[in-house]
Novice: 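Have a look at this one before I ask anything.
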Amino acid sequence: LLLWLGGEDKAWVTVDLVNPDPSGDDWVAVFSPAKFNSSTCTPENDEIESPYLCTSPIKPKLVAVSNFISFANPKAPVYPRLAHGKLWNEMTVTWKSGYSIDEAVPFVEWGLKGETHMRSPAGTLTIEQNSLCGAPARTVGWHDPGFTHTSFLTNLWPNTVYSYRMGHILSNGSYIWSKTYSFKSSPYPGQDSLQRVIIFGDLGKGERDGSNEYSNKDPGALNTTDQLIKDLPNYDIVFHIGDLAYADGYIADWDQFTSQVEPIASAVPYMVAGGNHERDWPDSGSFYAGTDSGGECGVIAETLYYVPAENRAKYSTDYGMFHFCIADSEHDWRAGTEQYKFIEHCLASVDRRKQPWLIFAAHRPLGYSSNNYFGQEGSFDEPMGRDDLQKLWQKYRVDIAFYGHVHNYERTCPIYQNTCVNSEESHYSGTMNGTIHIVAGGAGHHLGSFFEGIPDWSLYRDYDFGFVKLTAFNRSSLLFEYKKSRDGKVYDSFTINREYKDILACVHDSCGPTTLAS
């Protein structure tokens, strides 16, 4: 069976199964490469969770093997994903192909619709098996991810629709092309116009054919993805704040994830943050010594997804009237650390007259969460989470802080030092005396339970799959909405209405000393 003869990059394959004695223990596996030989498998170790993808279903009992599936061009460019560059008028395009730089030269052809297009070169990165930190990523979970290319489209006009396609020039002079895509460039920082942002964490992936994944880790992933695809005309940028694919060391799962989100990531900037399932591994420099990344230790995610950072783990970026400070909760954030200094610089550098909406985000709940684990612990946050950071949020008047990691939705009051500093719940006006904290980690992975007791600062909790949308109408008016993935309807919301003088006004611990001297 030969696929992609017409240049497409997706196709359905029907597999007919006949088993005279079927049972619930029967599984169907897809092997890549097709010429699979179980004798080449590296022995598993005790840290690897089932299924052992290298040997299943051969390990129990191999019943039948289908004919091979091949592709007209298995090296074709696929899975484009956009991200902001380091300048406001720069967009990056990252994609995957099977072409090394010795075989073909990668580039992006792009320009205004209806006008002559230009070409921008692309850099190429690879991932070696020995660059990963442990099993299963460098043993049974290893799958050659091919070549990752990133091109920088510069000097973009603001608010302008561009079309683009990825290309490769082969050594014989012929061209290999992707499909054609389009995006709208970002507004100038501070521009007053309608601007809409989607934020969530912990998405994962699902099976498009309706079959059951072995572990069924991400039951809400497709509902959230499909709802965002359906709503594409109504937002401008996405922030996926950690725990992206939940590949956990099985590298082929990243292809499934990047394919799943391609309709979104190819059309709007898809900005990511690192989570424990991308980064954490013992003795690898992460703040946490767990094995959640399955041995990936950040290598896969930080190669596949570009972010505008000097240090890839954390970055700042602008979208019109929004300024975003994206922290890395998998590295130390406490006072005195390099990351703490970065966070303070990011928060301090924004001109709030031009960009009044200041947003902080990190994967783990460094602020407030009443999930069951944190509640039993008594801290209601990631241990040591807000001890130092709350001083910065208050000093620089952060409007909203977002987190994932906890697989549900929760909204706090405007809060400082465990105390609500505003009695309003849905319509905030004038001076905001504290920061509102949002847990939006219910995008797709299995849901997490709440602590039985509800803290005074917790205004809304939801045990369901969903995501958050911010809409800035102008510099004075912001709408927050929490939407469920099942129907896209709004289940929680609030508004902020204020003037520039309200941001300048002193609140507790926000202003330095003053003098009466003239």
Novice: Output yes when a side-chain donor or acceptor of Ser477 lies under 3.5 Å from a complementary backbone atom of Asn474, and no otherwise.
Specialist: no
Novice: Between Gln355 (side chain only) and Gly320 (backbone N and O only), is there a donor and an acceptor less than 3.5 Å apart?
Specialist: yes
Novice: Say whether Tyr181 and Glu262, considering side chains only, have a donor N or O and an acceptor N or O under 3.5 Å apart.
Specialist: yes
Novice: May I ask you to test the Thr154-Asn89 pair for a side-chain heavy-atom distance under 4.5 Å?
Specialist: no
Novice: Give the minimum heavy-atom separation between Pro263 and Ser266, together with the two atoms involved.
Specialist: O-OG, 3.7 Å
Novice: Please determine whether side-chain contact (heavy atoms from CB on, under 4.5 Å) holds for the pair Val93 and Leu82, giving the CA-CA distance in whole Å, both sets of side-chain angles, and the decisive distance to 0.1 Å.
Specialist: CA-CA 5 Å; Val93 181; Leu82 302 171; 3.7 Å; yes
Novice: Who are the side-chain contact (heavy atoms from CB on, under 4.5 Å) partners of Ile101, not counting sequence neighbours?
Specialist: Thr124
Novice: Would a distance-only check, ignoring hydrogens and angles, find a side-chain to backbone donor-acceptor pair under 3.5 Å from Ser259 to Gln256?
Specialist: no
Novice: For Ile237 and Phe239, work out which heavy atoms get closest and say how close.
Specialist: CD1-CE1, 3.8 Å
Novice: What is the distance from atom CD1 of Ile199 to atom CD1 of Ile241, rounded to the nearest 0.5 Å?
Specialist: 6.5 Å
Novice: If I take atom CD1 from residue Ile415 and atom CH2 from residue Trp393, how far apart are they, to the nearest 0.5 angstrom?
Specialist: 10.0 Å
Novice: Tell me whether the guanidinium CZ or amine NZ of Arg364 lies under 6.0 angstrom from the six-membered ring centre of Phe287 and within 45° of its axis.
Specialist: no
Novice: Any sub-3.5 Å donor-acceptor pair from Asp255's side-chain atoms to Ala252's backbone N or O?
Specialist: no
Novice: Counting C-beta onward and ignoring hydrogens, is there a side-chain heavy-atom pair between Glu481 and Arg196 closer than 4.5 Å?
Specialist: no
Novice: Applying side-chain contact (heavy atoms from CB on, under 4.5 Å), run through Val261 and Leu244 and close with a yes or a no.
Specialist: CA-CA 10 Å; Val261 301; Leu244 310 182; over 6 Å; no
Novice: Between Trp177 and Tyr175, how do the two ring planes meet: parallel, tilted or perpendicular, split at 30° and 60°?
Specialist: parallel
Novice: Is there side-chain contact between Asn497 and Tyr428, with at least one heavy-atom pair below 4.5 Å?
Specialist: no
Novice: Considering all heavy atoms of both residues, which atom of Ser369 and which atom of Val406 are nearest to each other, and what is their separation?
Specialist: OG-CG2, 3.7 Å
Novice: If you compare all heavy atoms of Tyr164 against all heavy atoms of Ser182, which two are closest, and at what distance to 0.1 Å?
Specialist: CE2-N, 3.8 Å
Novice: May I ask you to decide if Thr160's main-chain N or O and Ser185's side chain share a donor-acceptor pair within less than 3.5 Å?
Specialist: yes
Novice: When you check the gap from the basic side-chain N to the acidic O, do Lys354 and Asp318 get nearer than 4.0 Å?
Specialist: no
Novice: Can you classify the ring geometry of Tyr162 versus Phe183 as parallel (below 30°), tilted (30 to 60°) or perpendicular (above 60°)?
Specialist: parallel
Novice: Classify the side-chain pair Gln195/Ser193 by whether it contains a donor and acceptor separated by less than 3.5 Å.
Specialist: yes
Novice: Does OH belonging to Tyr188 count more than 12 external heavy atoms closer than 6.0 Å?
Specialist: no
Novice: Can you tell me how far CZ of Phe465 sits from NE2 of His407, rounded to the nearest 0.5 angstrom?
Specialist: 9.5 Å
Novice: If you count every heavy atom of other residues, nucleotides or ligands that lies below 6.0 Å from Lys86 atom NZ, does the total exceed 12?
Specialist: yes
Novice: For Tyr246 and Asp202, does a side-chain donor sit closer than 3.5 Å to a side-chain acceptor?
Specialist: yes
Novice: List the steps, then state whether ring-ring contact (aromatic ring centres under 6.0 Å, His included) holds for Phe402 with Phe324.
Specialist: CA-CA 11 Å; Phe402 288 93; Phe324 298 92; 8.6 Å; no
Novice: With no hydrogens and no angle check, just 3.5 Å: does a side-chain donor-acceptor pair link Tyr491 and Asp462?
Specialist: no
Novice: For a 4.5 angstrom cut-off between non-hydrogen side-chain atoms, does Tyr305 reach Trp254?
Specialist: yes
Novice: Mark yes or no for whether Glu344, through its side chain, and Lys341, through its backbone, hold a donor-acceptor pair below 3.5 Å.
Specialist: no
Novice: For the atom pair CG (Leu479) and OG1 (Thr495), what is the distance rounded to the nearest 0.5 Å?
Specialist: 7.0 Å
Novice: Should the pair Lys184-Asp236 be classified as a salt bridge under the 4.0 Å nitrogen-to-oxygen rule?
Specialist: no
Novice: Which atom names give the shortest non-hydrogen contact between Pro414 and Met432, and what distance separates them?
Specialist: CG-CE, 4.1 Å
Novice: For Asn276 and Tyr288, which I'm curious about, is there any donor-acceptor pair between the side chains at under 3.5 Å?
Specialist: no
Novice: Is Gln339 reaching over with its side chain to a backbone N or O of Asp332, donor-acceptor style, under 3.5 angstrom?
Specialist: yes
Novice: Checking side-chain contact (heavy atoms from CB on, under 4.5 Å) for the pair His149/Met166: CA distance, chi angles, key distance, verdict?
Specialist: CA-CA 10 Å; His149 314 282; Met166 300 90 72; over 6 Å; no
Novice: Tell me yes or no: between the side chains of Ser151 and Arg119, is some donor less than 3.5 Å from an acceptor?
Specialist: no
Novice: Ring centroid separation for Tyr315 and Tyr306, is it under 6.0 angstrom?
Specialist: no
Novice: Taking the side chain as every heavy atom from C-beta outward, state whether Thr337 and Phe342 have any atom pair closer than 4.5 Å.
Specialist: no
Novice: Should we say atom NZ of Lys10 is surrounded by more than 12 heavy atoms from elsewhere, each under 6.0 Å from it?
Specialist: yes
Novice: Does a side-chain N-to-carboxylate-O contact under 4.0 Å join Arg208 and Asp226?
Specialist: yes
Novice: Are any side-chain N or O atoms of Tyr403 and backbone N or O atoms of Gly367, one a donor and one an acceptor, separated by less than 3.5 Å?
Specialist: yes
Novice: Is it true that atom NE2 of His117 has more than 12 heavy atoms of other residues, nucleotides or ligands lying nearer than 6.0 Å?
Specialist: yes
Novice: Among Thr94, Thr303, Thr92, which residue meets the side-chain hydrogen bond (donor to acceptor under 3.5 Å, both in side chains) test with Thr150?
Specialist: Thr94
Novice: Are side-chain heavy atoms of Asp399 and Arg498 found at a separation under 4.5 Å?
Specialist: yes
Novice: Over 60° means perpendicular and under 30° means parallel, so classify the ring planes of His277 and His445, tilted if in between.
Specialist: tilted
Novice: Please assess Asp328 against Arg279 for the test side-chain contact (heavy atoms from CB on, under 4.5 Å), listing each intermediate value before the final yes or no.
Specialist: CA-CA 10 Å; Asp328 171 27; Arg279 183 62 186 84; 5.5 Å; no
Novice: Classify the ring geometry between Phe494 and Phe480 as parallel (under 30°), tilted (30 to 60°) or perpendicular (over 60°).
Specialist: parallel
Novice: Under 3.5 Å, side chain of Trp333 to main-chain N/O of Met384, donor-acceptor pair present?
Specialist: yes
Novice: Between Tyr340 and Asp388, is a side-chain hydrogen bond (donor to acceptor under 3.5 Å, both in side chains) present by the stated rule, with each step listed?
Specialist: CA-CA 9 Å; Tyr340 184 88; Asp388 296 328; over 6 Å; no
Novice: Does any part of the side chain of His168, heavy atoms only, come nearer than 4.5 Å to the side chain of Glu103, both counted from C-beta?
Specialist: no
Novice: Under 3.5 Å, side chain of His323 to main-chain N/O of Met321, donor-acceptor pair present?
Specialist: no
Novice: Would you please name every residue forming a side-chain contact (heavy atoms from CB on, under 4.5 Å) with Leu504, sequence neighbours left out?
Specialist: Tyr500
Novice: Does any non-hydrogen side-chain atom of Arg386 lie less than 4.5 Å from one of His437?
Specialist: no
Novice: Going by side-chain contact (heavy atoms from CB on, under 4.5 Å), name the residues that satisfy it together with Ser174, two or more places apart in sequence or in a different chain.
Specialist: Leu170, Asn172
